[in-house]
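I have placed the structure first, in the form of structure tokens, so that the comments after it can refer back to it.
Chain identifiers are assigned alphabetically (A, B, ...) following the order of the sequence lines, protein sequences preceding nucleic acid strands; residue numbering begins at 1 within each chain.
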2 protein chains.
Amino acid sequence: MARVGLVASRVTTAAADLADKVGFDKVTLSAVARILGIAEPSMYSHVRSVAELRKGVAVLAATELADCIGEALAGRAGKDALVAFSNAYREFARTCPGRYTATHIQLTEEELSRSTGHQRIFAMTMAMFRAYDLSEGELTDAVRLVRSSLHGFVSLESIGGFGHPRDVQKSWENGIEAIHVMLTEWPSSGAAR
Amino acid sequence: MARVGLVASRVTTAAADLADKVGFDKVTLSAVARILGIAEPSMYSHVRSVAELRKGVAVLAATELADCIGEALAGRAGKDALVAFSNAYREFARTCPGRYTATHIQLTEEELSRSTGHQRIFAMTMAMFRAYDLSEGELTDAVRLVRSSLHGFVSLESIGGFGHPRDVQKSWENGIEAIHVMLTEWPSSGAAR
DNA sequence: GGCGACTTCCTATGGCCCATAGGTTGCAGC
DNA sequence: GCTGCAACCTATGGGCCATAGGAAGTCGCC
């Protein structure tokens, strides 16, 4: 029988593409095997389990998201950077919903520290926020809130959570604007804390 | 053989409890059947499919969440209401993670309009926001953003998304404070739009 | 060239889950 | 007591995850 001649990365990209097409939770060993044209148990020559396959997608997706954000952020600062970051983030979530979901699965401390994508996204986020005048603790609080807002927005959007006729794009733009104002006027910013 | 004498609501609460215990995605017909002490196919006397079972949990959970929020909101207004709402929301998500997840599954327009829980949560949210001076469009934008922030925060928190040593409770409190400021200073608030 | 080791891939099997088909039994109402 | 329904059953099949154990292609080395 003809060898397909797979490499691990090919398996992961196939899984990631499938995730974007049918949803991350429907990424299954048998489905990926079908796509690759091999029998189901043959998958175990490339991955140890379905969980590991999904973690592979997570790491890949984080790398790609980091690339998108890095590109958007290049040469920008302040509010300009915030808008570019947010738009790149949402764009990624919309075009690659499966990959986006994957970036939010639980990884161990160990796995997370080895995922350069996750690390880079974190670093770029922190760097962007230094434009605002926030103390150490405030910085973490603000990062957590903004991250929550962006993640929440694109998550709710993806599941059709915004039923009101109001244009979602408009809400997004105004929301980012409001977040910028919030960061500028962060409570007790500048005061001792 | 002794009849268990089930009613549909008993099946749904068992499923909801299971969801809180092991995760909403692990709510399975066979697991619920085991808990109830009946054979797997007997489940089909009570629900049409696993999807319908999960939708039942979603409707139940929304009702309970609406109750929690309603109780927290009683007699409060303005910032006080925002804080009470947010805390009740997060408290629910923490104590009933499976139910919380359930409230975010996709329902049809039809199902949504018949879920009084979902309706009540929406209505209470809108009512709470009337304390802030926002135009029609701004109101929707603000509701969407705050909903995103709260949902995003509790979601990220539940998956261990906040790795930094900074106290998460502190971030939460300061975040709500910042959201209040943001709503008060909403961009172009009061201006023609 | 040919031998061995590794890798890729296979069939067979079993467990768990969803779902349907078709039968049995308890109970309510006449 | 009989009828009809609702609650429950066994049997079966399909999809998925996973392991066991074997076959075949490929590479290095003599």
Quick one: do the B/Trp172 and B/Asp167 side chains pair a donor with an acceptor below 3.5 Å? no

Next on the checklist: Does this structure show an ion pair linking A/Glu177 with A/Lys79, if we count only N-O contacts that are shorter than 4.0 Å?
Outcome noted: yes

Quick one: do A/Phe92 and A/Asn87 satisfy side-chain contact (heavy atoms from CB on, under 4.5 Å)? Show the steps, please. CA-CA 8 Å; A/Phe92 185 82; A/Asn87 285 333; over 6 Å; no

TODO: Scan A/Ser42 against the nucleic acid and name what it touches under 4.0 Å (heavy atoms): base, sugar-phosphate only, or nothing.
DONE: base

Checking D/dC17, C/dA21, C/dT11 against the side chain of B/Pro41 (C-beta onward), the nearest is C/dA21

Could you tell me whether the side chain of A/Leu107 reaches within less than 4.5 Å of the side chain of A/Lys55, counting heavy atoms only? yes

To the nearest Å, give me how far apart [atom1] ([X]) and [atom2] ([N]) are.
{"X": "A/Met43", "N": "C/dT8", "atom1": "CE", "atom2": "P", "result": "13 Å"}
{"X": "A/Ile38", "N": "D/dC16", "atom1": "CD1", "atom2": "P", "result": "14 Å"}
{"X": "A/Lys26", "N": "C/dC18", "atom1": "NZ", "atom2": "C1'", "result": "14 Å"}
{"X": "B/Arg10", "N": "D/dC8", "atom1": "CZ", "atom2": "P", "result": "11 Å"}
{"X": "A/Glu40", "N": "C/dT13", "atom1": "CD", "atom2": "C1'", "result": "13 Å"}
{"X": "A/Tyr44", "N": "D/dC16", "atom1": "OH", "atom2": "P", "result": "12 Å"}

Over 60° means perpendicular and under 30° means parallel, so tell me whether B/His151 and A/His151 are parallel, tilted or perpendicular.
parallel

Specify whether B/Phe162 and B/Phe153 have parallel, tilted or perpendicular ring planes, treating 30° as the upper limit for parallel and 60° as the lower limit for perpendicular. tilted

Walking DNA chain D from its 5' end, the first of A/Ala31 and B/Ser45 to be reached, judged by nearest nucleotide, is B/Ser45

Notebook entry, point to check: Do B/Val143 and A/Ile179 share a hydrophobic cluster (ILVMFWY, side-chain heavy atoms under 4.5 Å, transitive)?
Noted result: yes

Using a cut-off of strictly less than 4.0 Å, decide whether [X] has a side-chain nitrogen or oxygen near OP1 or OP2 of [N].
{"X": "B/Thr28", "N": "C/dC16", "answer": "no"}
{"X": "A/Ser30", "N": "D/dC17", "answer": "yes"}
{"X": "A/Arg34", "N": "D/dC16", "answer": "yes"}
{"X": "B/His46", "N": "D/dC8", "answer": "yes"}

Per the under-4.0 Å heavy-atom filter, residues of residues 48-57 of chain B near DNA chain C come out as B/Ser49, B/Val50

